[in-house]
Structures are given as C-alpha cells and as structure tokens.
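When a residue number appears, it is its place in the shown sequence, counting from 1. What you see is a predicted model; the values in this text were computed from it and never measured.
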Amino acid sequence: MVTISQKLLDEIHQHLEEAYPEEGVGFLFGEEGNEVNIKALHPVPNAWQPEGERVRRYDVAPQDIMAADDKAEQMGLVIVGAYHSHPDHPNEPSETDRERAHPFFVYFITSVEKGKAVSTRAWRLLEDRSEFIEEEIKIV
C-alpha cells in the first residue's frame, strides 16, 4: 500500500494537466522503510528527445535526478519513486515503462484525457523485472 495526502495527489494532477499533451514527470519523496508514505513531490521537465515524441515518452536529465536526490536529502527524505502521465491513454505501465523502471520504486501513472487528470494508479516492478504489480493508494 502507498499513502499520499489529497493535497499532494492534487499537485500531481495539476502538474500533469499542465504538461498535457506531453507526458509529465516528477519524483516521489518519502521515508525509508517497508511502507511507502509519500511526503513530498519534485516535478522535473520531460527531457525526452526528440521533443515531438514527448506525447508518448518521458526522460529525466541526469542533473535533474541529482537535484532531486539533493532536495530529498535536505528534507530528510529519499526518492521512493516517480510519477508520470499517459496522455489520452490508460494508466497501465507500458513496455517502455517496464524496461526503464527500478524494482522497489513505486510508480504513479495518471491517465490525462483531453487535458484533465482522470485516474491515478500505483505500480511496483517485481524484483525479477518480469511485470508490474498494482499497489493500493490510500489517501490520508
């Protein structure tokens, strides 16, 4: 199970709606431990090249990863996962998502249809990288 406040979930939705029609992306910060409790967010620009493919792909620049890690550390938190959008597409992990994901991270995928965030689901990649399993999201 993953816990997040309604305020943070709303912030994710706002960011991803603003990124539309491209995929938006950001990091999820939390505390180390077995339970994932999202405490803060860190939006980053979509760095996928070429730009014209950002409607179906996202990437994060190395300097943005380092900045996110530094910010999490300053807050006494760690990166526990990432969030991104699937514009006009279901919020299920794609093959590209599976290839690029890290086991033990949680991934929030939000379906953004016609500019409006309609549904967010949480996923975790199995350690053998064979598939994602869905995690329950609990709003606190």
Side-chain angles (χ1 to χ4, degrees):
M1 178 175 12
V2 180
T3 60
I4 188 169
S5 70
Q6 185 65 56
K7 178 183 179 295
L8 290 177
L9 189 58
D10 290 345
E11 288 177 22
I12 289 172
H13 289 172
Q14 179 180 356
H15 172 216
L16 299 177
E17 288 173 356
E18 290 170 358
Y20 183 88
E22 295 182 350
E23 287 196 12
V25 59
F27 290 102
L28 303 168
F29 293 170
E31 298 169 339
E32 290 188 270
N34 292 334
E35 293 186 19
V36 178
N37 186 0
I38 308 304
K39 299 283 192 179
L41 309 173
H42 185 75
V44 294
N46 183 344
W48 187 269
Q49 294 297 329
E51 287 184 30
E53 293 181 12
R54 291 182 185 166
V55 297
R56 295 180 49 115
R57 300 282 185 264
Y58 76 90
D59 198 6
V60 179
Q63 66 269 22
D64 291 330
I65 297 170
M66 293 184 336
D69 194 46
D70 289 345
K71 183 177 178 183
E73 186 176 334
Q74 291 169 3
M75 298 171 76
L77 302 171
V78 295
I79 298 172
V80 295
Y83 67 88
H84 74 279
S85 58
H86 281 185
D88 299 315
H89 199 293
N91 52 0
E92 297 174 357
S94 67
E95 181 60 20
T96 301
D97 291 336
R98 189 189 62 77
E99 290 170 357
R100 299 170 57 90
H102 300 284
F104 307 111
F105 267 21
V106 64
Y107 292 90
F108 278 25
I109 302 176
T110 300
S111 178
V112 180
E113 295 181 11
K114 297 179 182 163
K116 180 71 178 158
V118 294
S119 177
T120 297
R121 295 166 72 185
W123 303 90
R124 191 183 307 255
L125 185 65
L126 293 177
E127 190 172 357
D128 68 4
R129 305 185 57 81
S130 62
E131 66 179 321
F132 280 93
I133 57 168
E134 188 167 7
E135 294 278 341
E136 177 185 353
I137 298 174
K138 180 179 179 184
I139 309 294
V140 293

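A donor-acceptor pair is defined here as one N or O able to donate and one able to accept, closer than 3.5 Å; no such pair exists between the side chain of Asp70 and the backbone of Ala67. Here the side chain of Trp48 pairs no donor or acceptor atom with the backbone of Val55 at under 3.5 angstrom. Checking side-chain atoms of Thr3 against main-chain N and O of Lys138 turns up no donor-acceptor pair under 3.5 Å. A side-chain donor-acceptor contact under 3.5 Å links Ser85 to the backbone of Gly24. Using modelled atom types, one side-chain atom of Arg98 and one backbone atom of Arg129 make a donor-acceptor pair closer than 3.5 Å.
Atom CD in Gln6 sits 5.0 Å away from atom CD1 in Ile139 (nearest 0.5 Å).
Shown here are the salt bridge (charged side-chain N to carboxylate O under 4.0 Å, His left out) partners of Glu127, two or more places apart in sequence or in another chain: there are none.
Using a 4.0 Å cut-off between charged nitrogen and carboxylate oxygen, Arg121 and Glu134 count as a salt-bridge pair. In this structure, Arg54 does not pair ionically with Asp59, as no charged nitrogen and carboxylate oxygen lie closer than 4.0 Å.
Closest non-hydrogen pair, Pro93 versus Trp123, comes out as CD-CE2, 3.4 Å. Minimum interatomic distance between Glu92 and Ile109 (heavy atoms only, all atoms of both residues): C-CD1, 4.0 Å. Shown here for Asn91 and Ser111, the closest heavy-atom pair between the two residues is CB-N, 3.6 Å. Of all heavy-atom pairs between Arg57 and Glu23, the closest is N-OE2, 3.5 Å. Val106 and Ala122 get closest at one heavy-atom pair: CG2-CB, 4.0 Å. Counting all heavy atoms, side chain and backbone alike, Glu31 lies closest to Val80 at O-CG1, 4.2 Å.
Checked by atom type, the side-chain pair Tyr107/His84 shows no donor-acceptor distance below 3.5 Å.
Hydrophobic clustering (side-chain heavy atoms under 4.5 Å, transitive across Ile, Leu, Val, Met, Phe, Trp, Tyr) groups Phe108 together with Leu16. No continuous path of hydrophobic side-chain contacts links Ile79 to Phe104 [ILVMFWY only; heavy atoms under 4.5 Å].
No side-chain heavy atom of Leu28 sits under 4.5 Å from any side-chain heavy atom of Phe105. The closest side-chain heavy-atom distance from Glu51 to Gln49 is below 4.5 Å. Proximity of Leu41 to Phe29: side-chain heavy atoms (C-beta onward) are nowhere separated by under 4.5 Å. Using a 4.5 Å heavy-atom cutoff, the side chains of Tyr20 and Asp88 are in contact.
Dense packing is recorded around CD of Glu53, with more than 12 heavy atoms of other residues, nucleotides or ligands lying under 6.0 Å away.
Checking Val2, Leu9, Ile137, Leu77 one by one against Ile38, the side chain to side chain contact (heavy atoms under 4.5 Å, CB included) holds for a single residue, Val2.
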